[in-house]
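Bear in mind the structure is a predicted one, so any value in this text is a computation, not a measurement. Numbers restart at 1 for each chain; the letters A, B, ... are given by sequence-line order, proteins then strands.
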Number of protein chains: 6
Amino acid sequence: MKKSAKTPAETAIETRYVLAPHMVNALGTAFGGVIMSWIDVVAAMVAQRHCEGTVVTASVDTMSFLDPIYIGDHVILKASVNYVGRTSLEVGVTVNKENPINGRQNPTTTAYLTFVHLDNDGQPTDVPKLLLETEEDKRRHENARARVQARKELRKKIRK
Amino acid sequence: MKKSAKTPAETAIETRYVLAPHMVNALGTAFGGVIMSWIDVVAAMVAQRHCEGTVVTASVDTMSFLDPIYIGDHVILKASVNYVGRTSLEVGVTVNKENPINGRQNPTTTAYLTFVHLDNDGQPTDVPKLLLETEEDKRRHENARARVQARKELRKKIRK
Amino acid sequence: MKKSAKTPAETAIETRYVLAPHMVNALGTAFGGVIMSWIDVVAAMVAQRHCEGTVVTASVDTMSFLDPIYIGDHVILKASVNYVGRTSLEVGVTVNKENPINGRQNPTTTAYLTFVHLDNDGQPTDVPKLLLETEEDKRRHENARARVQARKELRKKIRK
Amino acid sequence: MKKSAKTPAETAIETRYVLAPHMVNALGTAFGGVIMSWIDVVAAMVAQRHCEGTVVTASVDTMSFLDPIYIGDHVILKASVNYVGRTSLEVGVTVNKENPINGRQNPTTTAYLTFVHLDNDGQPTDVPKLLLETEEDKRRHENARARVQARKELRKKIRK
Amino acid sequence: MKKSAKTPAETAIETRYVLAPHMVNALGTAFGGVIMSWIDVVAAMVAQRHCEGTVVTASVDTMSFLDPIYIGDHVILKASVNYVGRTSLEVGVTVNKENPINGRQNPTTTAYLTFVHLDNDGQPTDVPKLLLETEEDKRRHENARARVQARKELRKKIRK
Amino acid sequence: MKKSAKTPAETAIETRYVLAPHMVNALGTAFGGVIMSWIDVVAAMVAQRHCEGTVVTASVDTMSFLDPIYIGDHVILKASVNYVGRTSLEVGVTVNKENPINGRQNPTTTAYLTFVHLDNDGQPTDVPKLLLETEEDKRRHENARARVQARKELRKKIRK
C-alpha cells in the first residue's frame with residue numbers, strides 16, 4: 001500500500017518542557033546535551049509520522065545555541081519536515097524559551113536534522129512525497145536545498 | 001596574566017563508556033540524544049582546557065551518525081581543538097565503538113562543535129592561540145576553516 | 001497590577017513524548033511514575049500560565065490508567081484549566097497514545113490536579129478568573145465542581 | 001493452589017529515601033513527579049505481595065501534598081492494603097519527612113492507589129482475601145469503602 | 001548539648017526497591033553501580049541518624065556481590081551501625097532479593113561503609129557512643145573491630 | 001582458540017567526566033553513588049578487555065574517598081589490571097579531580113574491584129595470564145596479593 005504524500009503541517013509537532021534543576025550545567029544554564037536530546041526525540045517523532053515507519057538519525061546540521069535557558073523557563077520545541085530526498089528527509093526544529101510569569105518568548109536554538117527511513121529489514125527505503133502548500137513551506141524547502149547543496153560542496157573541500 | 005598558546009595534543013581528551021540498556025531507543029540501538037550529550041560534554045572539557053576558563057556551546061555543525069551502537073558496545077570518544085577564532089574555537093569529536101570481546105573498532109559518529117569563551121562577566125573574550133605542530137593538526141585546521149567559510153556562504157543563501 | 005482573566009484555551013498545552021525503553025516496568029509497559037511525572041509537569045505549566053506566577057501541587061484526584069503504553073508509542077498530553085477557586089485551580093490532563101506507523105490514537109490516562117497559587121512570600125494568593133467560552137469549557141467546569149463537591153462530602157465520611 | 005488470605009501487616013512495607021538536589025523543582029522543593037514515582041513503586045510492591053503475582057496501576061485517588069520536602073530531608077513511605085475487591089485492591093500510602101538532625105517527623109503526603117491483579121494471560125483475576133485484625137485495619141477498610149462509594153456516586157454526576 | 005548514645009536498633013533502616021529495566025547491565029542483571037548507590041544512600045542515612053548531623057563517606061570496605069538480581073525482583077536493604085570510633089563510624093548493609101510471587105528471599109550483597117562525622121565548619125567531630133545491647137550487636141561490633149585491625153595491618157604491607 | 005596473555009598497559013583505560021549539578025548530595029559535593037557507578041563501569045570495561053569476554057563484579061575492596069569533588073570539576077578515572085587469579089582478576093582504579101581553569105589535579109578516590117570471568121553458560125572460566133613488564137606493574141601486583149592474603153586472614157577472624 002502506497003504511503004500518502006503529506007504537507008509539513010500534517011506531521012508537525014509542538015511540545016513544551018520546564019527546565020528543571022537537574023538539567024543545568026555548572027554555569028546554571030541548560031546543559032547542551034539535554035536540549036540536544038529533546039531536539040532529537042521531537043524531530044524523530046515528526047520524521048516517523050511523515051514516513052509512517054522507522055527512521056534513524058543520519059546527521060545533525062547547524063544546531064545553533066542563541067540564548068541561555070534558565071531553571072524554571074518553559075522550553076517550547078516546534079518541529080516540521082522541510083525537505084524530502086529519496087530515502088532521507090530533513091526536519092527543522094526551533095526552540096523558544098518562555099518566561100512563565102510574563103509569557104515573553106525568546107528564540108534559543110535552531111536545528112536541522114536528517115533522518116533515513118528504514119524498511120522492516122533495516123534497509124533505506126522510499127520516503128513519501130512532501131506537499132508544499134504555504135509560502136513558509138516553500139521558503140523552508142528552498143533553504144533546506146541550500147543546506148544540502150552546501151554540504152555537498154563542503155565535502156569536496158574536506159581533505160581526508 | 002596571559003594564557004599560553006597550546007597545541008591540540010595538550011588539551012585533547014579520550015574517554016570511554018559502555019552502552020547500557022537504558023540508553024537505547026525503541027530500535028535497540030543507541031539513543032541519539034545520549035551520544036549527543038556525551039559529545040557535548042567531552043568537547044566542552046577540551047574547550048575549557050584550551051581556554052583555561054568558561055565556555056558555552058555556540059553551535060554543533062555536521063554531526064554524522066555512521067553506524068548504530070548496540071547494548072554492551074564500548075564507546076570511545078576522542079576530542080581535540082581544530083581551530084581557534086578570536087573569541088570562539090572549534091572542537092572535533094570522533095566516536096568509535098569497540099566490541100569488547102574481539103577488540104574491533106568501527107567509526108560511528110563525527111562531530112564539530114563551536115564554543116565561545118566567556119570572561120567572568122559572561123562576555124566573549126580572547127581565546128588563547130592554537131599551535132599547529134603535526135601534519136594532522138594542519139589538516140584539521142584547514143578543514144575547520146573550510147567549514148567556517150562554508151557556513152558564511154550558506155548564511156548568504158538562506159532566505160529569512 | 002491586576003492579572004487578566006483567561007479562557008482555558010489561552011493557557012492550554014499539548015505536548016508529546018516517545019516511550020523509551022528505560023521508561024517501562026518489569027511488564028514492558030509504561031512505568032506509572034513516568035506518566036505521573038509528565039502529567040504533573042504539564043499540568044503545572046498550565047497552572048503557572050493561568051496564574052502568571054508560582055504554583056504548587058496540592059492534590060491529584062482520580063488519575064485513571066485505561067490502557068497500557070508500549071515502547072515506541074508516542075504519548076500525547078493535553079492539559080487545560082477546568083475550574084478556578086479563590087487561591088486554587090483544577091487542571092485536567094488527558095493522555096493519549098499514538099501508534100507512529102498508522103497514526104491511530106487511544107486514550108490511556110485522565111487526571112485532575114489541583115494547584116495552589118503562591119505569592120512571593122510563599123503564601124496562597126488570588127487566582128485570576130476563568131472565562132468559560134465554549135460548551136466544552138462549561139461541561140468541564142461543571143464536572144470539576146462535582147469533584148470538589150464529592151471531595152467535601154467524602155471528607156465528612158472519613159473516620160480519623 | 002489457592003492463595004492465602006492475608007492481614008495488611010503481612011504485606012506492609014516501610015521504605016526511606018533522601019531528597020537529593022536533582023529531585024527538586026524550580027522552587028527548591030521536592031518535584032511532585034519524584035514523590036509520585038516513589039508512591040507508585042512502593043504501593044505496587046505491597047499489591048504484588050498481597051496478590052502473589054502481577055498487578056497494574058488502575059487509578060490514583062486523592063493524593064494530597066500537605067507540606068513541602070527540602071533537599072536533605074529523609075522521606076519515609078509506609079504502604080499497606082486497605083481494601084480488597086474481586087479483582088482489584090486499594091493500597092494506602094503515607095509519606096512523612098524526617099529531619100535527620102533532630103529526628104522530627106512531619107506528614108507530607110497521603111495517597112490511595114487501586115491496582116488490578118492480572119493472571120498469566122494478562123486478564124483480571126481473583127485477589128486473595130484481606131483479613132482485618134486490628135481496629136486500625138477496620139478503620140482503613142471502612143474509609144476505603146467510603147472512597148469506592150464516593151467514586152461510584154461521582155461517576156453518575158460527571159457529564160460526558 | 002551533648003548528643004545521646006544510641007543502640008544500633010535505634011537508628012537502623014530497612015528499605016525496599018524494585019529492580020526496573022533501566023537498572024540492568026548488558027547481561028540483564030542489576031548494574032553494580034545502582035546497587036552501590038542504594039547502599040551508599042541507605043548507609044549514610046543511618047550514619048546521619050546516629051550522629052544527629054552531617055556525615056561523608058570515607059571508605060567502602062568489602063562490598064561482596066553474591067547472587068545476581070533480575071528485573072522485577074524486590075531488593076531489600078538493611079543497614080545499622082556496627083562500630084563507632086572517635087570521629088568515624090562503620091555501618092553494615094545487607095542486601096537481599098525477594099521474589100514477589102513466592103516471597104522467597106536470598107542474600108545478594110553485603111557491604112561495610114565508614115563515614116566521618118563533620119561539624120558545621122566541615123571538620124571531623126566526635127561521634128556519639130554506641131550502646132551494644134544484644135548478642136548480635138556485640139558480634140557485629142567485634143567483626144567491625146577485626147576489619148579495622150585488618151586494614152591497619154594491610155596498610156603496613158602496601159608498598160607505595 | 002586460546003586467549004592471549006596481556007600486560008596491564010594493553011587493557012588500561014583513562015576516562016574523564018564533569019561533575020554536573022545533578023550529581024551532588026545535599027552538601028554540594030559529589031554523591032558517593034555516582035563516583036561508585038563510574039568506577040564500576042570503568043573497571044568492568046578493563047576486565048572485559050583483559051578476559052575478551054563477560055565479567056561480573058564479585059567484590060569491591062577498600063574504596064577510599066580522600067577529597068570531595070565539586071560541581072564543574074573534571075573527574076579523571078584510570079583503571080588497569082593489577083592481579084589475575086584462576087577465574088577472577090583485580091582491577092585498580094584511581095580517581096583524580098582536575099580544576100579545568102588551572103589544570104591542577106588532586107587524588108580523590110582509589111578502589112580495587114574483583115571480577116569473575118564467565119563463559120557462555122554463565123560459569124566461571126579461566127582468565128588469560130597477566131604479563132608484568134614494568135616495576136609499577138610488579139608493585140601493583142604485589143600489593144594486590146597482599147590484599148588477597150589480608151582478605152583470607154580476615155575471613156578466619158569474622159564470627160558468623
Side-chain angles (χ1 to χ4, degrees), chain D residues 1 3-4 6 10-23 34 37-57 71-80 91 93 95-105 115 117-120 125 128, chain E residues 1 3-4 6 10-23 34 37-57 71-80 91 93 95-105 115 117-120 125 128:
Chain D
M1 206 186 73
K3 289 168 180 173
S4 61
K6 299 173 192 73
E10 282 177 83
T11 58
I13 289 177
E14 180 175 330
T15 189
R16 180 184 286 250
Y17 301 84
V18 175
L19 196 82
H22 65 88
M23 299 168 180
V34 167
S37 294
W38 289 346
I39 287 172
D40 185 51
V41 168
V42 169
M45 287 195 286
V46 167
Q48 285 182 322
R49 282 156 60 90
H50 184 86
C51 294
E52 304 172 34
T54 300
V55 299
V56 291
T57 314
I71 293 173
D73 282 347
H74 290 196
V75 183
I76 301 153
L77 290 93
K78 294 180 193 174
S80 56
V91 176
V93 183
V95 182
N96 285 276
K97 64 178 177 182
E98 180 182 295
N99 178 323
I101 309 306
N102 60 31
R104 253 193 295 266
Q105 289 203 4
F115 295 89
H117 176 25
L118 301 182
D119 63 20
N120 291 336
T125 185
Chain E
M1 206 186 74
K3 288 168 182 176
S4 60
K6 300 175 192 71
E10 283 176 82
T11 58
I13 289 176
E14 180 175 331
T15 189
R16 179 184 286 250
Y17 301 83
V18 174
L19 197 80
H22 64 91
M23 300 169 179
V34 167
S37 293
W38 289 347
I39 287 172
D40 185 51
V41 168
V42 168
M45 286 195 286
V46 167
Q48 284 181 323
R49 282 155 59 91
H50 184 85
C51 294
E52 304 171 33
T54 300
V55 301
V56 291
T57 313
I71 292 173
D73 282 348
H74 290 197
V75 183
I76 301 154
L77 291 94
K78 294 180 192 174
S80 55
V91 176
V93 183
V95 183
N96 286 277
K97 63 177 177 183
E98 181 183 295
N99 178 322
I101 309 305
N102 60 29
R104 252 192 296 266
Q105 290 203 3
F115 295 88
H117 177 24
L118 301 181
D119 63 19
N120 291 335
T125 187

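- Residues forming a ring-ring contact (aromatic ring centres under 6.0 Å, His included) with Tyr17(D) (at least two apart in sequence, or on another chain): Trp38(D), Tyr17(E).
- Note: Glu14(D) CD to Glu14(E) CD = 8.5 Å, rounded to the nearest 0.5 Å.
- Across all their heavy atoms, Ile101(D) and Thr54(E) have their closest contact at CD1-N, 4.4 Å.
- Both the backbone and the side chain of Gln48(D) come within contact range of chain E, each with at least one heavy atom under 4.5 Å from a heavy atom of that chain.
- For Ile13(D), the part lying under 4.5 angstrom from a heavy atom of chain E is the side chain only.
- The distance from atom CG of Asn102(D) to atom CZ of Arg49(E), rounded to the nearest 0.5 Å, is 12.0 Å.
- Between atom CG of residue Asn99(D) and atom CD of residue Glu52(E) there is a gap of 10.5 Å, rounded to the nearest 0.5 Å.
- Here the CZ-CG distance, from Arg16(D) to Leu77(E), works out to 13.5 Å after rounding to the nearest 0.5 Å.
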